[in-house]
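Written below as structure tokens is the structure these notes are about.
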Amino acid sequence: MPSVDPRLRQIEEKWQARWTASELFKARADPSRPKYFVNVPYPYMNGYLHIGFGVTFLHADIMARFKRMRGHNVLFPQAFHCTGMPVLAAANLVAEGNPAQIKILADMGIPESEIPSFSDIQKWTRFFPDAARKDLASYGASVDWTRTFITTSLNPAYDRFVRWQFRKLRERGFVKTGKHPVIWCPKDQQPVADHDRYEGEGEIPVELTLLKFPWRGKFLVAATLRPETVFGQTNLWVDPDSTYVVARVDGEEWVMSRSAMEKLREQDRHVELLEEVRGELMVGGKCEAPMIHRQIPILPTRFIDQTKGTGIVTSVPSDAPDDWIALKTLREDAEYAHRHALNLDELRKIEPTPIIRMEGWGPLPAIEICEKLGIKSLDEREKLEKAKEDVYSSGFYRGVMLENCGRFAGMHVAEAKDEIKREMIQAGEASTLWEASGEVICRCRTRASVKVVSDQWFLAYGDPDWKKKTGDALSQMTLHPDTVRKQFEHVLGWLNDWACTHHAGLGTKLPWDERWVIESLSDSTIYMAYYTIAHLTANPALDPATLTDEVFNHVFLGEGSSEEASRISGRPVETIEEMRREFEYWYPFDLRHSGKDLVQNHMAFCLFNHTAMFPEKHWPRGFGVNGFVKIGHVRMSKSHGVALYLRDVIREHGADVVRLASAQGGEGLDDPSYDDEFAASAGKKLLSLIDYAKEHHETRGEWRELDAWFRSVLHRTIRLTAKAMEGMWHRTAIRLCYFDLQRQWTWYLKRCGGVPNADILREFLDVETRLITPFVPHAAEEIWEATGHKGFVSTAQYPEVDVSAINAAAEFAEEYMHQLVEDVREIIKVTGITPRRVTIFTAPAWKRRVYEMAVDISLRGKAEMGDFMREALQSPELKAKSKELAAFAQKILESMRKMAHENLELRRKTLDETAMLRESIKFLETELGCAVVVLDAEAPDIVDPKKKAGQSAPWKPAIFVE
RNA sequence: GCGAGGGUAGCCAAGCCUGGCCAAAGGCGAAGGACUCAAGAUCCUUUCCCGAAGGGGUUCCCAGGUUCAAAUCCUGGCCCUCGCACCA
């Protein structure tokens, strides 16, 4: 891996040191200046910063730098996030000596001897924020570090802020309590979080439907994930060799497995064991199936797993591979049937009923998939699992209920599923049972189940009034890019109550019930407000305990007086007033920028909670979103092993280059790609710009048309770049002010024989430096200093557009010159001639006359050949040329038909083509490497053996190469 | 399936809203040349096909349609990416 050019590194370190020394980015309220407050979600501190965060952060930094140059007092703070499970889990893993976790740390370059210290949570919360801060500083971040902080109760001031916020939310009715299923260890009597599991990471509670089959005054209870398949029930399965229980559940007598009864106990049901019953006893009987109300036989099978569901299964052989194979086995096993006193003829009458139609499948998908996979026996568990998975997911997403499904016929399965379940529950034919989506074993080696806790706290995002208010807030916001608006609107509608407390993890305890810890996303919704006062809360001379609710109420909500808040809290009145001033000045934030993955949770929560906590004038003004970073063409992810640490890429290429490559990778909602090859080549280009600015150049004082052209380009570039910057179209801006402008400069130099006008050179360097500052601030500072400026370009004024410099005619003329060179080259290429001389024939006076007339007539409206000729023939001069006139006019009018109005206008301007060519002969000769002659096509004595001169037209001269 | 965003030359990507000098910007890669003892760097040129004259042909996921004119507008397909939660 090539390392960054030492000169670039040196430049970066030099300017970073100077920025720090001069506290350039420290921001304090200053009512005499307009403010701009920008921030990004704090990154999570379980490792070094990734390039993905780097990209998101960069867009905010670019905006901060741009606004600073536009005269704003800019606040760009940055804190670090430690709340939640990951840090805790990682520290625990280190303590246990977990090899994978130790490898992760070792791969980060942390010395082996230091790794054991990471078993302490506080090591993480100090080490990584420190590292992140250094990484960002070396990235050229224009952050006010006086306001940095970490989250969780490890930061008592922030902790008090979160507590205040939750008390307020509760007081205002935005927090509510309710039932919630959690994976639960019956031995430990507590929830089993992912990292506390011996087995079953990622498994979640799922709700099964319990179907109730009336049988001898009791109910046989079967569990299913597919209530919509009740229309295809043919029989019921029980395990004859198992013992079931009869229990009174909420007043009814249910027959089920013992484990099912125990699960129900944890789930807020009233359960009482009555007696045991052998499965064998049920076999051979009949019971009434729910929904379809038909008598179906109770049959024996051995495929039932007593730990899952209820130990009783309803049979839908059309759509459940297990059921089909079980049925088939039973029909073929006369001995088994006989043993259970079953009538084989009766069994053979049982036929699967098609109930769901799905594209790509026949009417009986279970049978189809079993045949396809060659499943013959219930012992082929793996194949059966796959078969089930296939049928289930196809059915769920693409299935439609058939005509025999009553009022659900024609409904999509995804929709029918819930409706059917609801209807059966209402009719008393069904109930529900929570179960883990897969087996979960607690660390204590106990099998976990699902418990429904009844005191779970929620943020009431499902509340219609709150949604409405949040929608209003959204409609007033600026979004970058605006295309995310639809997504936001959709998310606001879809969000439901959010479980905002946990039993484990780092964070702030729920103020009114300290058994709970506030969940990580929930405590991070309005902390942008905290940034405005963070530097004041961090004062070590003041006890954080003086940050009472009265203080926050006054500072953030303007309630009460500062004196009163001071008296109650014991916090000096001046600091309270200063906090209030900072908040009032900076809030709301103008832009919060993040990756698009946060739209549907964090960004939406942020908006919700702002409307709950603050008056309308303090609601967020703008959100920005970018895509997921790809490394080359591969999406970055830890599991794929393609993840880059910000520090590493900076070390490799240098901060400015990484910034350029990151901002250049993509804009809008596209996933930006970080292109290493681009980064590798970008440093050279940047250095050569610095060198160019530092060198002395031969200049001239004389003013040429060409200089007007370049000024036009320069000022148009300023205008377009500034517009792109405002809309956060950063890649577009880089293209305009960096790549395009420098290319134009190269052309300009070629055109004036390498000797630029002195004023133009100065203006170019001056404007270019300021335009690129937000992207490559270190290089820009270096150039700024080298070109004799005092102070920092980081705080210089953004270039202003001189509208009078923008000159479309000059740019048209230059384009013409460019086109001419291209044309000659094309001819040389096609003919293979090595040119000794190029003759350029300009159009004769009469053609120019025709051309002008054609422009006029085209500008007026549809240019008809007839009208044109009538007009042209009135001129005696043209009448004399009538033969050539018609052909020429035809061609000209044709070409003009496709031109936009402004293009036509330009052609009407009286630019002197011949004079331009004559002035440019030297340039053309260097460019083409041979002699160049410019002649009037109808001048006497021309040398034109190939009869090319006749092709000449205005702005399209004839060319003869020899 | 639902919601959102996409499909443009070897790759990345602009253009699409507001149809017309669009064979379609720019970057990367590649090829040739200049410079150099040489390499690197830099600069120049080329990079859909055909062409000994600036031209012609076929293109912007596919199939239709609207229009004098479609990468751009409309209809219908196909394909890709992300999200679908109580987790950062």
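When reading the values below, keep in mind they use all heavy atoms of this one structure, side chains included, and skip hydrogens, waters and symmetry mates.
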Identified pairing partner of [N], criterion: Watson-Crick or G-U wobble below 3.5 Å:
| N | result |
| --- | --- |
| B:rU75 | B:rA63 |
| B:rA9 | none |
| B:rG1 | B:rC84 |
| B:rC43 | B:rG33 |

Just the rounded figure in Å: distance from [atom2] of [N] to [atom1] of [X].
| X | N | atom1 | atom2 | answer |
| --- | --- | --- | --- | --- |
| A:K596 | B:rA4 | NZ | C1' | 9 Å |
| A:K948 | B:rG55 | NZ | P | 12 Å |
| A:L928 | B:rG54 | CG | P | 17 Å |
| A:I690 | B:rA41 | CD1 | C1' | 16 Å |
| A:Y461 | B:rC86 | OH | C1' | 11 Å |
| A:H602 | B:rC86 | NE2 | P | 18 Å |
| A:I734 | B:rC12 | CD1 | P | 19 Å |
| A:R735 | B:rC12 | CZ | P | 19 Å |

Assess the pair A:F812 and A:W955: is the distance between their ring centroids shorter than 6.0 Å?
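Distance test on ring centres: under 6.0 Å, yes.
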
Using 4.0 Å as the upper bound for N to carboxylate O, is an ion pair formed by A:R743 and A:D740?
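The answer is yes: the pair qualifies as a salt bridge.
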
Select from A:Q600 and A:G832 the residue whose nearest nucleotide in RNA chain B is closer to the 5' end of that strand.
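Result of the comparison: A:G832.
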
Comparing A:T746 and A:L495 on RNA chain B - which has the more 5′ nearest nucleotide:
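Upstream on the strand: A:T746.
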
Measuring only the [atom1] atom in each nucleotide, how far is [N] from [M]? A whole number of Å is fine.
| N | M | atom1 | result |
| --- | --- | --- | --- |
| B:rU72 | B:rU59 | P | 13 Å |
| B:rC84 | B:rG77 | P | 27 Å |
| B:rG5 | B:rA14 | P | 16 Å |
| B:rA70 | B:rC60 | C1' | 11 Å |
| B:rU75 | B:rC22 | P | 28 Å |
| B:rA23 | B:rA69 | P | 16 Å |
| B:rA13 | B:rG26 | C1' | 8 Å |
| B:rC11 | B:rC48 | P | 13 Å |

Which part of the nucleic acid does [X] contact within heavy-atom distance under 4.0 Å: base, sugar-phosphate only, or nothing?
| X | result |
| --- | --- |
| A:D497 | base |
| A:K417 | nothing |
| A:H490 | sugar-phosphate |
| A:L521 | base |
| A:P957 | base |
| A:F458 | nothing |
| A:E519 | sugar-phosphate |
| A:V824 | nothing |
| A:Q456 | nothing |

From the set [options], return the single nucleotide nearest to any side-chain atom of [X].
| X | options | result |
| --- | --- | --- |
| A:Q487 | B:rG51, B:rG26, B:rA4 | B:rA4 |
| A:K829 | B:rA53, B:rG51, B:rA4 | B:rG51 |
| A:D823 | B:rA52, B:rG54, B:rG26 | B:rG54 |
| A:N601 | B:rA53, B:rC86, B:rC87 | B:rC87 |
| A:K684 | B:rA41, B:rG5, B:rA52 | B:rA41 |
| A:R731 | B:rA13, B:rG27, B:rA4 | B:rA13 |
| A:A958 | B:rG26, B:rA53, B:rG54 | B:rG54 |

Considering only heavy atoms from C-beta outward, does the side chain of [X] approach that of [Y] to under 4.5 Å?
| X | Y | value |
| --- | --- | --- |
| A:I840 | A:V933 | no |
| A:R485 | A:E489 | yes |
| A:T125 | A:T152 | no |
| A:L660 | A:Y738 | yes |
| A:D5 | A:L687 | yes |
| A:E814 | A:Y748 | no |

List for me each residue that meets side chain to side chain donor-acceptor pair (under 3.5 Å) alongside A:K891, sequence neighbours excluded, and say none if there are none.
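Residues passing side chain to side chain donor-acceptor pair (under 3.5 Å) with A:K891: none at all.
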
Tell me every residue that passes side chain to side chain donor-acceptor pair (under 3.5 Å) with A:K176, counting only those two or more places apart in sequence or in another chain.
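Once residues adjacent in sequence are excluded, the partners of A:K176 under the side chain to side chain donor-acceptor pair (under 3.5 Å) criterion are A:D497.
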
Does the side chain of [X] get closer than 4.0 angstrom to OP1 or OP2 of [N] through an N or O atom?
| X | N | result |
| --- | --- | --- |
| A:K486 | B:rG5 | yes |
| A:K685 | B:rC43 | no |
| A:H502 | B:rC87 | yes |
| A:R825 | B:rG54 | no |

Lys/Arg cation over aromatic A:F923: A:R751, 6.0 Å, 45° cone:
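Judged by the rule (NZ or CZ under 6.0 Å from the ring centre, within 45° of its axis), A:R751 counts as positioned above A:F923.
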
Taking only nitrogen or oxygen atoms into account, show me every contact under 3.5 Å that the protein makes with nucleotides 29-34 of chain B, one pair per line with its distance.
none

